[in-house]
A.B. asks: 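Take a look at the following structure, please.
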Amino acid sequence: MKADKKRNKYFLIPVIVVLLALYYYIALPAINIHDASIWKFIIAIPVILLIVYVFPRIRLTKDKKNPVRMNQVHKSPVFKILAGVIILLFVIYGAGSLLSSPVINASKYQKLMTVETGEFSEEITQISYDQIPLLDRASAELLGERKMGSLVDLASQFEVASLYTQSNYKDRPVRLTPLRYADIIKWFTNHGDGIPAYIMIDMATQETELIRLDEGMKYTPYDHFGRNLYRHLRFKYPTYMFDNISFEVDDEGTPYWICSTKKFNIGLFGGQTIGNVVLCNAITGECTDYEIEDVPTWVDQVYRADLLIQLYDYYGTLKHGYINSIISQRDCLVTTNGYNYLAINDDVWVYTGVTSITSDQSNVGFVLMNQRTMETRYYEVEGAIEDSAMASAEGKVQNLGYQAAFPLLLNIDNEPTYLMALKDAAGLVKMYAMVNVQNYQIVATGNSVVECEAAYKNLMADNGIETSETSPEDVETKTVTGTIRKIAEGVIEGNSHYYLLLDASDTIYDVNVSENLSIILYNEGDSITLEYTEGSDRCKVVNISKS
């Protein structure tokens with residue numbers, strides 16, 4: 001009998017080891033004292049051992065001839081050691097959490113982000129509209145699903161992933177998302193070839209492309225076993241704590257996973273920023289580890305937007321300590337309840353307004369935060385908060401029932417201006433609105449951004465605000481003749497547009513097909529004469545004639 005009990009005891013050891021190994025394989029905690037998951041894993045070990053030790057002895061209390069009371073189990077050295085280890089681990093974990101909190105380290109949290117103050121009119125120049133993401137994420141998702149629905153050969157096996165990473169691809173603001181296996185059965189039948197494509201959505205023109213790959217992506221979050229991205233990364237980098245994992249492509253269109261790692265600067269679990277970045281080739285699984293300053297410039301998403309906003313909130317609210325941020329709230333500033341993106345100098349910057357923590361009616365300024373470098377600039381611009389501007393724009397088209405997307409802040413003739421898309425009930429962009437930040441009663445709308453801008457400048461002139469252009473009639477019409485170097489098609493507000501590049505020029509010419517139907521007769525290499533009006537770097541064509 002004793003020999004059987006001894007064999008059962010030794011049999012439990014490999015069972016426990018297998019269970020712990022299975023837990024590690026599934027949960028994938030980083031072997032790092034700063035990772036809360038590894039603490040749960042470590043605490044689980046003595047808890048399981050304690051259960052294994054106590055449970056069979058509790059059962060013996062039913063044996064009336066040889067009773068073992070619970071208090072006898074409590075007194076055993078093994079129980080005391082295991083219980084003491086569990087309590088000690090909980091105390092260390094709890095103390096580590098407390099000593100890492102802003103309550104004790106307000107000054108350290110406030111200094112996590114360095115903020116530079118800039119001059120709006122000097123540093124924020126008027127951006128070309130083909131560099132502005134006029135769509136929001138929800139609109140991009142609609143376009144992605146619509147594109148997927150038109151692909152008969154792929155729709156039955158794959159679906160669109162929900163990532164939609166905001167990126168800047170060759171000076172174009174785009175959203176990128178891969179396809180994913182439709183279900184586990186589809187994975188079994190297709191994982192040999194991998195995921196064959198990803199979707200790229202131009203956030204300025206609404207052009208949606210399916211980019212097919214010569215070789216499929218075999219390392220993704222949607223794969224299983226060793227090819228699952230998180231497991232692949234964990235076994236290569238067992239001590240790394242991965243934070244944001246985004247999907248991007250390099251300048252040649254090769255898909256990569258941008259895997260940022262957490263860095264805790266305060267105590268065990270506090271003051272998170274980003275330590276370094278692992279780039280994982282989605283096709284081959286090859287990984288390269290970079291320090292922040294060495295990350296390739298084509299990478300955009302190193303710091304996720306909500307992490308940057310959290311760091312700025314620490315900077316704005318903890319200037320005079322934690323108690324002040326809760327009670328008197330003197331000089332406390334916080335970000336507003338939304339954000340958007342701008343593509344500037346081949347980087348993606350997060351935009352959000354800044355308001356006093358005691359006021360929800362007006363902004364005192366706004367910040368731009370670089371998602372690759374964490375560079376942060378604050379601009380003092382007083383005016384209406386975004387919610388007020390959105391409500392003002394919606395009031396302008398209340399008869400149509402359109403809803404405003406979260407706005408961007410632009411420089412229109414040195415006037416801080418909110419630009420936002422107006423969407424119908426189906427989530428489709430129908431119009432655009434511009435609202436003056438300092439006087440949100442000045443609201444202009446238009447079916448295109450160019451039309452909206454012209455109406456906005458007229459309104460500013462009517463209100464005594466000087467502009468460089470007060471009327472679309474004042475714009476000079478010019479003529480150009482050349483050979484079509486490149487031609488691309490897009491759809492804006494349901495209207496087809498052709499975008500032309502002529503030889504020896506990088507100017508983009510925008511042709512509305514409904515106004516110039518003859519454009520469909522032209523191809524690359526054809527000669528063409530255009531009459532156009534200038535609008536930033538993209539020119540609106542008003543007439544076409546044979547050259």
A.B. asks: For E386 and N363, what are the C-alpha separation, side-chain angles and deciding distance, and is it a side chain to side chain contact (heavy atoms under 4.5 Å, CB included)?
C.D. replies: CA-CA 8 Å; E386 293 88 350; N363 280 350; 3.5 Å; yes

A.B. asks: Testing the basics here: between R212 and A197, what is the closest heavy-atom pair and its distance to 0.1 Å?
C.D. replies: CA-CB, 4.0 Å

A.B. asks: Considering non-hydrogen atoms only, spot the tightest contact between I385 and S362 and give its length.
C.D. replies: CG2-C, 3.3 Å

A.B. asks: Atom CD of residue position E380 - does it have more than 12 heavy atoms of other residues, nucleotides or ligands inside 6.0 Å?
C.D. replies: no

A.B. asks: Looking at side-chain heavy atoms only, is the closest gap between Y312 and Y378 below 4.5 Å?
C.D. replies: yes

A.B. asks: Minimum heavy-atom separation for Y440 and S392, please, with both atom names.
C.D. replies: O-OG, 2.8 Å

A.B. asks: Does F225 reach the side chain of H191, with side-chain heavy atoms less than 4.5 Å apart?
C.D. replies: no

A.B. asks: Taking atom CE of M113 and atom CE of M374, what is their separation to the nearest 0.5 Å?
C.D. replies: 5.5 Å

A.B. asks: Assess whether atom CG of D214 is packed by more than 12 heavy atoms of other residues, nucleotides or ligands within 6.0 Å.
C.D. replies: no

A.B. asks: Test side chain to side chain contact (heavy atoms under 4.5 Å, CB included) on M369 and Y339; report intermediate values, then the result.
C.D. replies: CA-CA 11 Å; M369 298 172 283; Y339 59 87; over 6 Å; no

A.B. asks: Without swapping roles, check the side chain of R377 against the backbone of L368 for a donor-acceptor pair under 3.5 Å.
C.D. replies: no

A.B. asks: Inspect the surroundings of NZ in K263 and state if more than 12 heavy atoms from other residues, nucleotides or ligands are less than 6.0 Å away.
C.D. replies: no

A.B. asks: Can you list the steps and then say if W298 with Y256 is a ring-ring contact (aromatic ring centres under 6.0 Å, His included)?
C.D. replies: CA-CA 11 Å; W298 60 263; Y256 280 85; 5.3 Å; yes

A.B. asks: Counting distance only, does the side-chain N/O of R180 pair as donor-acceptor with the main-chain N or O of A161 below 3.5 Å?
C.D. replies: no

A.B. asks: Do the non-hydrogen side-chain atoms of Q310 and Q272 ever get within less than 4.5 Å of each other?
C.D. replies: no

A.B. asks: Between atom CG of L318 and atom OH of Y109, what is the distance when rounded to the nearest 0.5 Å?
C.D. replies: 9.5 Å

A.B. asks: Could you tell me whether a side-chain N or O of N516 sits under 3.5 Å from a main-chain N or O of I519, the two making a donor and an acceptor?
C.D. replies: no

A.B. asks: Give the C-alpha distance, both sets of side-chain angles, the deciding distance and a yes or no for ring-ring contact (aromatic ring centres under 6.0 Å, His included) between Y351 and F366.
C.D. replies: CA-CA 7 Å; Y351 153 80; F366 72 96; 5.6 Å; yes

A.B. asks: Using side-chain heavy atoms (C-beta onward) and a distance below 4.5 Å, is Y237 in contact with D289?
C.D. replies: yes

A.B. asks: Would you please test N276 and Y240 for side-chain hydrogen bond (donor to acceptor under 3.5 Å, both in side chains) and show each step?
C.D. replies: CA-CA 9 Å; N276 53 354; Y240 281 13; 3.2 Å; yes

A.B. asks: Given side chains that start at C-beta, do those of N436 and M460 come closer than 4.5 Å, heavy atoms only?
C.D. replies: yes

A.B. asks: Between the main-chain N or O of Y219 and the side-chain N or O of H232, is there a donor-acceptor pair closer than 3.5 Å?
C.D. replies: no

A.B. asks: Does any N or O in the side chain of T288 come within less than 3.5 Å of the main-chain N or O of E286, such that one atom is a donor and the other an acceptor?
C.D. replies: no

A.B. asks: Could you pull out the closest heavy-atom pair between Y432 and A421, with the gap in Å?
C.D. replies: CD2-CA, 4.0 Å

A.B. asks: Going by atom types only, do D243 and S260 share a side-chain donor-acceptor pair under 3.5 Å?
C.D. replies: no

A.B. asks: Please state whether the rings of H224 and W187 are parallel, tilted or perpendicular, taking 30° and 60° as the class boundaries.
C.D. replies: perpendicular

A.B. asks: Are the side chain of S167 and the backbone N or O of V174 linked by a donor-acceptor pair below 3.5 Å?
C.D. replies: no

A.B. asks: For a quick check under 3.5 Å, do T417 and Y456 share a side-chain donor-acceptor pair by atom type?
C.D. replies: yes

A.B. asks: Hey, could you give me the CG/CD distance between D347 and Q371, rounded to the nearest 0.5 Å?
C.D. replies: 9.5 Å

A.B. asks: When you check the gap from the basic side-chain N to the acidic O, do E248 and R372 get nearer than 4.0 Å?
C.D. replies: no

A.B. asks: Quick one, M431 and L400 - any side-chain contact, counting heavy atoms below 4.5 Å?
C.D. replies: yes

A.B. asks: Are any side-chain N or O atoms of R234 and backbone N or O atoms of L28, one a donor and one an acceptor, separated by less than 3.5 Å?
C.D. replies: yes

A.B. asks: Any chance CG of N463 has more than 12 other-residue heavy atoms, nucleotides or ligands included, within less than 6.0 Å?
C.D. replies: yes

A.B. asks: Has the side chain of D35 got a donor or acceptor atom that lies under 3.5 Å from a matching backbone atom of S37?
C.D. replies: yes

A.B. asks: Find out whether Y509 and I484 are in side-chain contact, i.e. whether some heavy atom of one side chain is under 4.5 Å from a heavy atom of the other.
C.D. replies: no

A.B. asks: Spell out, as yes or no, whether a donor-acceptor pair under 3.5 Å connects the side chain of Q157 to the backbone of N190.
C.D. replies: no

A.B. asks: Does the side chain to side chain contact (heavy atoms under 4.5 Å, CB included) test come out yes or no for T177 and E141, once each step is laid out?
C.D. replies: CA-CA 10 Å; T177 191; E141 290 176 349; over 6 Å; no

A.B. asks: Side chains of Y341 and N168 only: does a donor on one sit below 3.5 Å from an acceptor on the other?
C.D. replies: no

A.B. asks: Determine, stepwise, if the pair Q301 / T165 fulfils side-chain hydrogen bond (donor to acceptor under 3.5 Å, both in side chains).
C.D. replies: CA-CA 8 Å; Q301 295 269 359; T165 302; 5.9 Å; no

A.B. asks: Got K486 and Y499 here, is their nearest side-chain heavy-atom distance under 4.5 Å?
C.D. replies: no

A.B. asks: Kindly compute the distance separating CG (L163) from CD1 (I245), expressed to the nearest 0.5 Å.
C.D. replies: 10.0 Å

A.B. asks: Could you point out which residue of V354, T355, V367, D313 forms a side-chain contact (heavy atoms from CB on, under 4.5 Å) with L333?
C.D. replies: V354

A.B. asks: Nearest 0.5 angstrom please: L154 CG to I195 CD1, how far?
C.D. replies: 11.0 Å

A.B. asks: Donor-acceptor pair, distance only, cut-off 3.5 Å: does the side chain of Y498 make one with the backbone of Y522?
C.D. replies: no

A.B. asks: Hey, what do you get for CG (N265) to OG1 (T273), rounding to the nearest 0.5 Å?
C.D. replies: 4.0 Å

A.B. asks: Quick check: closest heavy atoms across Y402 and E394, and the distance to 0.1 Å?
C.D. replies: O-CG, 3.7 Å

A.B. asks: Can you list the steps and then say if D136 with F406 is a side chain to side chain contact (heavy atoms under 4.5 Å, CB included)?
C.D. replies: CA-CA 8 Å; D136 60 6; F406 193 84; over 6 Å; no

A.B. asks: Can you name the nearest heavy-atom pair linking I199 to G144, along with the distance?
C.D. replies: CD1-O, 3.8 Å

